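One structure below.
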Amino acid sequence: MIFILIRETHVELPEVGKRCIDRLPLVSNATIEKLFLHCDQMGLSRISGSGADSIFARTSDLSSIKQSIKEFFKIQSPLKITEQFVIFEQELGE
């Protein structure tokens, strides 16, 4: 079993609701305890769950990402950008 920490970026628009626009694997480890240690070192705070169901967040300014998305897609309506960190489990083949 391998555990992978994934950063998910979500955008929320009044017309379409909340959508995941990016999933980026950050780090993987053979034990979940070492992955939790890495989360602590990154300054992530657990917002829900326990064990492999944990969801983490960090305090960061996403305004530059928000502005880039608005300009690239020419969005005029208000939007909200959030990120969260989740754990994926993957079985390793023999």
Side-chain angles (χ1 to χ4, degrees):
M1 177 76 67
I2 190 168
F3 299 93
I4 306 164
L5 183 66
I6 306 286
R7 184 188 73 207
E8 293 183 340
T9 305
H10 296 89
V11 63
E12 188 171 350
L13 291 161
E15 303 86 25
V16 296
K18 188 174 183 178
R19 301 283 190 260
C20 182
I21 60 170
D22 183 37
R23 281 194 177 105
L24 180 67
L26 299 177
V27 66
S28 62
N29 211 300
T31 67
I32 198 163
E33 291 81 15
K34 288 184 180 177
L35 199 63
F36 288 153
L37 180 60
H38 189 79
C39 290
D40 288 341
Q41 292 170 348
M42 288 178 60
L44 301 179
S45 302
R46 189 182 314 228
I47 56 174
S48 69
S50 63
D53 295 329
S54 299
I55 298 176
F56 296 88
R58 68 176 168 188
T59 305
S60 59
D61 183 15
L62 300 174
S63 59
S64 63
I65 296 171
K66 179 179 176 178
Q67 192 60 35
S68 297
I69 289 174
K70 285 184 92 164
E71 289 174 8
F72 184 80
F73 291 108
K74 299 180 181 17
I75 299 171
Q76 300 300 320
S77 60
L79 66 91
K80 183 178 179 183
I81 299 286
T82 57
E83 69 178 4
Q84 66 182 21
F85 299 82
V86 297
I87 297 172
F88 284 7
E89 297 177 65
Q90 184 174 358
E91 292 284 335
L92 297 176
E94 292 185 33

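Keep in mind it's a predicted model, so treat the numbers as computed, not measured.
A continuous path of ILVMFWY side-chain contacts below 4.5 Å connects I55 to I6, so both sit in one hydrophobic cluster. Using a 4.5 Å cut-off between side-chain heavy atoms of Ile, Leu, Val, Met, Phe, Trp and Tyr, with links allowed through other members, L26 and F36 fall into the same hydrophobic cluster.
Between L5 and I87 there is a side-chain heavy-atom pair separated by less than 4.5 Å. Residues I4 and Q90 have side chains in contact (heavy-atom distance under 4.5 Å, counting atoms from C-beta outward).
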Checking K80 against H10 for the side chain to side chain contact (heavy atoms under 4.5 Å, CB included) test, could you report, in this order, the C-alpha distance in whole Å, the side-chain angles of both residues, the deciding distance, and whether it holds? CA-CA 8 Å; K80 183 178 179 183; H10 296 89; over 6 Å; no
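Residues passing the side chain to side chain contact (heavy atoms under 4.5 Å, CB included) test with Q41, sequence neighbours excluded: L37, H38. Considering only residues two or more places apart in sequence or on other chains, R46 meets the salt bridge (charged side-chain N to carboxylate O under 4.0 Å, His left out) condition with none of them.
Distance CZ/F85 to CG/L24: 9.5 Å, rounded to 0.5 Å. One finds the CE atom of M1 at 4.5 Å from the CD atom of E89 (value rounded to the nearest 0.5 Å). F3 contributes atom CZ, which lies 5.0 Å from atom CD1 of I32 (distance to the nearest 0.5 angstrom). Atom OG of residue S54 and atom CG of residue L44 lie 11.0 Å apart, to the nearest 0.5 angstrom.
Hydrophobic side-chain contacts under 4.5 Å tie L13 into a cluster, directly or through other members, with V11, V16, I21, L62, I65, I69, F72, F73, I75, L79, I81.
Screening residues 62-78 for salt bridge (Lys or Arg N to Asp or Glu O under 4.0 Å) gives no qualifying pairs among residues at least two apart or on separate chains. Residue pairs meeting the salt bridge (Lys or Arg N to Asp or Glu O under 4.0 Å) criterion with at least one member in residues 30-41: none, sequence neighbours excluded. Each salt bridge (Lys or Arg N to Asp or Glu O under 4.0 Å) pair with one or both residues in residues 13-27, not counting sequence neighbours, appears once here: R7-D22, E8-R23.
The nearest pair of heavy atoms linking P14 to P78 is CD-O, 3.2 Å. The shortest non-hydrogen separation linking G43 to R58 is O-CB, 4.3 Å.
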